[in-house]
Protein chains: 2
Amino acid sequence: MTDTRWLDETEMAAWRAFLSTSHLLERRIEEQLKAAAGLTHAQYEILVRLSGAPGRQMRMTELARGVVASKSALTYQITQLEKAGLVERTTCPSDDRGVLAVLTETGMRCLEQIAPGHLEVVRRYLIDRLTREELEVLTAAMRRTEEALRA
Amino acid sequence: MTDTRWLDETEMAAWRAFLSTSHLLERRIEEQLKAAAGLTHAQYEILVRLSGAPGRQMRMTELARGVVASKSALTYQITQLEKAGLVERTTCPSDDRGVLAVLTETGMRCLEQIAPGHLEVVRRYLIDRLTREELEVLTAAMRRTEEALRA
DNA sequence: AGCTGGTCGTTCAAATCTGAACAACAAGTA
DNA sequence: TACTTGTTGTTCAGATTTGAACGACCAGCT
């Protein structure tokens with residue numbers, strides 16, 4: 001509170017661009033997924049994480065960390081995905097408190113079907129507009145702040 | 001749908017890092033603002049935009065575009081900020097349909113008071129972790145995709 | 001003036017997220 | 001064993017967002 005470190009032009013420009021772009025991209029992705037499969041981006045990310053996990057299953061808490069969602073938000077979304085038949089709940093054998101979210105065959109097929117359309121959006125607006133070097137700079141920068149935020 | 005262009009490792013790494021980090025940062029910012037002033041990040045951004053606008057006022061639609069929010073979301077938030085005395089609504093003199101959101105003196109003082117704490121978070125987790133060059137690369141990249149998304 | 005298409009901001013119901021509270025269980029310690 | 005501390009996932013109420021529908025208004029044209 002003593003003396004405020006404001007952002008200079010370069011810093012402010014970076015922050016504003018990052019902020020606007022992430023929100024705009026989020027919007028577009030949401031729109032595409034809703035139209036293509038009636039899914040939320042949050043739901044899509046859950047399917048992706050599960051599909052990449054051993055046994056296509058994950059503990060609720062671990063999954064929540066992965067997709068950056070609160071525990072209650074994940075509980076809600078898993079319930080929705082369960083109703084849609086894309087995910088199932090299993091009690092964790094090694095921990096009676098635990099719950100395993102498991103990707104069903106239907107869920108896996110659904111994901112394979114909508115992934116191309118989703119990735120097309122990610123490509124068109126972000127990935128294909130960056131050079132190889134920019135991609136690497138972006139990754140390094142993001143990982144540094146991600147690491148700080150996970151602590 | 002013909003042949004899918006998947007993302008290679010470099011591309012996927014960039015996308016995942018960008019996605020996780022933007023969500024994590026959003027969370028932290030939300031947490032800080034809530035604790036410091038009981039404000040949402042969306043509300044804070046509205047105050048910032050208004051403070052930088054001529055006459056500290058903006059048309060609803062223009063403001064919605066600026067902060068990347070839907071019209072209904074903005075209507076809701078402006079109502080909240082009005083209840084808090086930080087913003088006022090005025091009928092637009094040149095267009096009877098229009099509504100001007102005006103930042104009040106109280107709103108301006110509130111913003112000046114909480115900006116330092118907010119910027120400190122932006123610095124600590126993002127800005128201060130990037131080199132000058134990285135900041136510029138990030139800005140350029142984000143602006144390119146922002147431009148595409150605004151079209 | 002009358003029409004037409006478009007824009008503006010709001011409203012509404014439904015969906016989603018948040019954070020605190022909670023009960024059940026785990027793991028270590030005395 | 002009994003106790004303590006921490007974790008797990010859910011629940012709940014409240015806050016916020018979404019998208020469609022709507023009435024009011026603008027601008028250009030006839």
Side-chain angles (χ1 to χ4, degrees), chain A residues 22-46 50 57-84 87-102, chain B residues 22-46 50 57-84 87-102:
Chain A
S22 62
H23 286 171
L24 282 167
L25 189 49
E26 189 66 40
R27 263 179 169 310
R28 188 77 80 185
I29 288 172
E30 209 80 49
E31 176 188 27
Q32 192 276 326
L33 283 174
K34 195 81 70 183
L39 286 183
T40 298
H41 190 198
Q43 295 173 336
Y44 178 85
E45 279 303 312
I46 290 172
L50 288 179
Q57 58 185 28
M58 262 196 237
R59 287 288 294 269
M60 294 294 278
T61 295
E62 184 191 6
L63 184 52
R65 267 191 227 291
V67 300
V68 189
S70 67
K71 291 186 298 178
S72 45
L74 183 64
T75 292
Y76 174 77
Q77 288 301 172
I78 290 294
T79 301
Q80 298 309 106
L81 291 171
E82 213 172 11
K83 286 177 186 169
V87 167
E88 280 176 356
R89 267 188 244 247
T90 303
T91 56
C92 180
S94 62
D95 187 338
D96 284 337
R97 296 169 303 177
V99 171
L100 284 170
V102 189
Chain B
S22 62
H23 286 171
L24 283 167
L25 190 49
E26 190 65 40
R27 265 182 168 310
R28 188 76 82 184
I29 287 173
E30 208 81 49
E31 176 187 26
Q32 192 276 325
L33 283 174
K34 195 82 72 183
L39 286 183
T40 299
H41 190 197
Q43 295 173 336
Y44 178 85
E45 279 302 313
I46 290 172
L50 289 179
Q57 58 185 27
M58 261 196 237
R59 287 289 294 269
M60 294 295 278
T61 296
E62 184 191 5
L63 185 51
R65 266 191 228 291
V67 301
V68 189
S70 66
K71 291 187 296 177
S72 46
L74 183 64
T75 292
Y76 174 78
Q77 288 301 172
I78 290 294
T79 301
Q80 298 308 106
L81 291 170
E82 214 172 10
K83 287 177 186 169
V87 166
E88 280 176 356
R89 267 187 243 246
T90 302
T91 56
C92 180
S94 63
D95 187 339
D96 283 338
R97 295 168 304 176
V99 171
L100 284 170
V102 189

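What you see is a predicted model; the values in this text were computed from it and never measured. Labels below follow one simple rule: chain letters A, B, ... track the order of the sequence lines, proteins then strands, and each chain is numbered from 1.
- At a threshold of 4.5 Å between non-hydrogen side-chain atoms, the residues A:R89 and A:V102 do not count as touching.
- The nucleotide whose nearest atom lies closest to any side-chain atom of A:R59 is, among C:dG9, D:dT16, D:dG9, D:dG9.
- For A:Q77, a side-chain nitrogen or oxygen approaches OP1 or OP2 of C:dC17 to under 4.0 Å.
- With rounding to whole Å, B:L33 atom CG is found 16 Å from D:dA15 atom C1'.
- Both B:V99 and A:A69 lie close to DNA chain C; mapped to their nearest nucleotides by heavy-atom distance, the more 5′-ward contact belongs to B:V99.
- Each of C:dT7, D:dT17, C:dA24 was ranked by its minimum atom distance to the side chain of B:R97; first place goes to C:dT7.
- Looking at the side chain of B:D96, the nearest of the listed nucleotides C:dC17, D:dT8, D:dC25 is D:dC25.
- Between A:R59 and A:L100 the shortest side-chain heavy-atom distance falls below 4.5 Å.
- Considering only side-chain atoms of A:Y76, the nucleotide from C:dA15, C:dG9, C:dT18 that sits closest is C:dA15.
- Rounded to whole angstrom, the span from the CE atom of A:M60 across to the P atom of C:dC25 amounts to 17 Å.
- Dashed line: the shortest gap from a side-chain N or O of A:T75 to OP1 or OP2 of D:dG9 is not under 4.0 Å.
- Remark: side-chain polar atoms of A:Q77 are not paired, donor with acceptor, to backbone N or O of A:Q43 under 3.5 angstrom.
- Mapping A:Q43 and B:E30 onto DNA chain C via the closest heavy atom, the residue that lands nearer the 5' end is A:Q43.
- With DNA chain D read from its 5' end, the first of the two nearest nucleotides for A:T79 and A:D95 is the one closest to A:D95.
- Nucleotide D:dT10 holds its P atom 9 Å from the CD1 atom of A:I78, rounded to whole Å.
- The CZ atom of B:R89 sits 13 Å away from the C1' atom of C:dC8 (whole-angstrom rounding).
- Proximity of B:S22 to A:V68: side-chain heavy atoms (C-beta onward) are nowhere separated by under 4.5 Å.
- To the nearest 0.5 Å, atoms CE (A:M60) and CZ (A:R97) are separated by 14.5 Å.
- Computed from coordinates, the A:I46 CD1 to C:dT16 P distance equals 11 Å when rounded to whole Å.
- Mapping B:Q80 and B:K71 onto DNA chain D by nearest heavy atom places B:Q80 at the nucleotide closer to the 5' end.
- Here the C1' atom of nucleotide D:dT18 and the CG atom of B:L74 are 14 Å apart, to the nearest Å.
- For the pair B:I29 CD1 and C:dC17 P, the interatomic distance rounds to 19 Å; values are reported in whole Å.
- Rounded to a whole Å, the CZ atom of B:R28 is 14 Å from the P atom of C:dT18.
- Side chain A:S72 to base C:dG19: a donor-acceptor pair is found below 3.5 Å.
- Of the side-chain N and O atoms in A:R27, one or more sit less than 4.0 angstrom from OP1 or OP2 of D:dT18.
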